[in-house]
Number of protein chains: 2
Amino acid sequence: MAGHAHNAPQLTKNQALVLGTLESAGAPLSAYTILDHLRGEGLRAPLQVYRALDKLVAIGMVHRLESLNAFVACRHPGCGHHETVAFMICEACSNVGEITDASLEDRLKLAAEDAGFAPKRSIIELRGTCRDCQS
Amino acid sequence: MAGHAHNAPQLTKNQALVLGTLESAGAPLSAYTILDHLRGEGLRAPLQVYRALDKLVAIGMVHRLESLNAFVACRHPGCGHHETVAFMICEACSNVGEITDASLEDRLKLAAEDAGFAPKRSIIELRGTCRDCQS
DNA sequence: TGCCAGACGTTATACCGTTACGCAACGAAC
DNA sequence: GTTCGTTGCGTAACGGTATAACGTCTGGCA
Ligand SMILES: [Zn+2]
Ligand SMILES: [Zn+2]
Ligand SMILES: [Zn+2]
Ligand SMILES: [Zn+2]
């Protein structure tokens, strides 16, 4: 359960178990996979996992990958409050990287506002091949 | 079944039914919702809808919205081959707009390559409020 | 003490998507 | 014309993802 200290508000037992599972996996896991990893710790129902995930996502320690229906522990360099993050998902090794790029964010916001759209949340997920997997 | 003519390769009956449903809805629909709309036309199983959707997505007449697990008929102005599209999803009225912005695409590609990542596919979905729904 | 908010546990259910099988239609190759 | 590969179709069964609706238990606080 190593980790970067987001200003984390005392995790509960289930939240800590779920976070630990994600961190030691180092890759995205589905809620049901997490559940399977934690049956030995007494968890039995999906909802126990989903509730913990909801909280962890809310405080920014875990991200949800929409295109994968899966969750990953935050690896953001510095782990600040990232408003907009772009995820790089390697299809070969499942590793997930995070980009925060202000000019990209600006560009996106501008393009949306040109169309009269007021964005609240941005989902950016790149599928491809990470540095290590390019042969 | 009005529509823009992508260079469409003669849709089959099921494909035309599914596309027609999406176009007349004018908003994203889940595969099961499409199926419910088409029971009267003889469709009975999810697979019939998913197969049609697969094809329609492949030829670019329908887009899949990953963050919604839903599908929408293409409304892209000009409907060309869009490599990278950003979707603007209104959370108030469910309307979906499409942006194609070369400089945004470049910026994203550059940021990824800085990180040693070779992207194959980009998923960009903005959640927010469209022009008509801002009061 | 009484109350409330938040986390918890359990059951059941809804929603999303695929596997596996077999059949029918079409066109190219022989 | 027969063979064969490809593509679409239909059905059944299944597996993966997420939530609803209960009730319980705790800790904080008036
Ligand atoms: Zn992060
Ligand atoms: Zn990789
Ligand atoms: Zn489009
Ligand atoms: Zn709207």
Side-chain angles (χ1 to χ4, degrees), chain A residues 8-22 25 27-59 61-72 89 91 94 96 121 123 125 127, chain B residues 7-22 25 27-72 89 91 94 96 121 123 125 127:
Chain A
Q10 279 302 43
L11 299 183
T12 68
K13 171 168 157 285
N14 285 2
Q15 289 159 16
L17 285 170
V18 167
L19 180 59
T21 304
L22 282 173
L29 299 180
S30 76
Y32 277 70
T33 304
I34 295 170
L35 176 56
D36 287 339
H37 279 273
L38 292 177
R39 288 198 192 277
E41 314 291 333
L43 272 72
R44 294 154 199 270
L47 204 45
Q48 296 173 281
V49 173
Y50 279 107
R51 287 202 273 232
L53 285 170
D54 282 349
K55 189 67 187 296
L56 291 166
V57 167
I59 64 182
M61 299 186 70
V62 164
H63 300 295
R64 177 187 171 92
L65 299 174
E66 301 285 350
S67 70
L68 243 36
N69 293 329
F71 301 83
V72 69
I89 304 171
E91 291 179 333
S94 296
V96 175
R121 177 183 163 219
I123 295 154
E125 300 180 11
R127 311 289 283 268
Chain B
N7 48 351
Q10 279 302 42
L11 300 183
T12 67
K13 172 169 155 283
N14 286 2
Q15 289 159 16
L17 286 169
V18 167
L19 180 59
T21 303
L22 282 172
L29 299 180
S30 78
Y32 277 70
T33 304
I34 295 170
L35 176 56
D36 287 340
H37 279 275
L38 291 177
R39 288 197 193 277
E41 313 291 334
L43 272 71
R44 294 153 197 266
L47 200 47
Q48 297 174 281
V49 173
Y50 279 108
R51 286 202 273 232
L53 286 169
D54 283 348
K55 188 65 187 295
L56 291 166
V57 168
I59 63 182
M61 299 187 71
V62 164
H63 301 295
R64 177 187 172 92
L65 299 174
E66 301 285 349
S67 70
L68 242 38
N69 293 329
F71 301 83
V72 69
I89 304 171
E91 291 179 334
S94 297
V96 176
R121 177 183 165 219
I123 295 154
E125 300 180 10
R127 309 289 284 267

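First the proteins, then the strands, lettered A, B, ... as listed; each starts at 1. Excluded from the calculations below are hydrogen atoms, water molecules and symmetry mates; all remaining heavy atoms, backbone and side chain alike, are included.
Atom CG in Asn14(A) sits about 17 Å away from atom P in dG6(C), given to the nearest Å. As rounded to whole Å, 15 Å separates atom C1' of dT7(D) from atom CG of Leu56(B). dC15(C) atom C1' lies 13 Å from atom CG of Leu68(B), rounded to whole Å. Rounding to whole angstrom units, CD of residue Gln10(B) and C1' of dG8(D) are separated by 15 Å. Protein atom CD of Gln15(A) is 8 Å distant from nucleotide atom C1' of dA7(C), rounded to whole Å. Atom pair Leu38(A):CG and dC8(C):P shows a separation of 13 Å (rounding to whole Å applied). We find that CG of Leu65(A) is positioned 15 Å from C1' of dT17(D), with the value rounded to whole Å. With rounding to whole Å, Asp36(B) atom CG is found 9 Å from dC15(C) atom P.
For Thr12(B), no side-chain nitrogen or oxygen approaches OP1 or OP2 of dT7(D) to under 4.0 Å. At dG17(C), one or more side-chain N or O atoms of Arg64(B) fall inside 4.0 Å of OP1 or OP2 (strictly under the cut-off). Contact check, Gln48(A) against dC8(C): no side-chain N or O comes under 4.0 Å of OP1 or OP2. When the side-chain nitrogen and oxygen atoms of Lys55(A) are compared with OP1 and OP2 of dA7(C), one or more of them lie within a distance under 4.0 Å.
In this structure a side-chain-to-backbone donor-acceptor pair under 3.5 Å is present from Thr21(A) to Leu17(A). Judged by distance alone, the side chain of Gln48(A) and the main-chain N or O of Ala45(A) form a donor-acceptor pair under 3.5 Å.
The base of dG9(C) sits with one of its N or O atoms less than 3.5 Å from a complementary donor or acceptor on the side chain of Arg51(A). Scanning atom types as modelled, no donor and acceptor separated by under 3.5 angstrom connect the side chain of Tyr32(B) and the base of dA14(C).
When heavy atoms are screened at a 4.0 angstrom cut-off, Ala45(A) is found touching base atoms of the nucleic acid.
In this structure, the nucleotide among dT11(D), dA18(D), dG17(C) sitting nearest to the side chain of Tyr50(B) is dG17(C). Comparing dT17(D), dG9(C), dC16(C) against the side chain of Asn69(A) picks out dT17(D) as the nearest.
Put simply, the side chain of Asn69(B) reaches to within 4.5 Å of the side chain of Arg64(B), judged on heavy atoms. Between Arg51(A) and Leu56(A), every side-chain heavy-atom pair lies at or beyond the 4.5 Å cut-off.
Contact check on Arg121(B) versus Glu66(B) returns a salt bridge, with a Lys/Arg side-chain nitrogen under 4.0 Å from an Asp/Glu carboxylate oxygen.
Along DNA chain D, the nucleotide nearest Leu47(A) and the nucleotide nearest Thr33(A) are compared for position; the residue whose nucleotide lies closer to the 5' end is Thr33(A).
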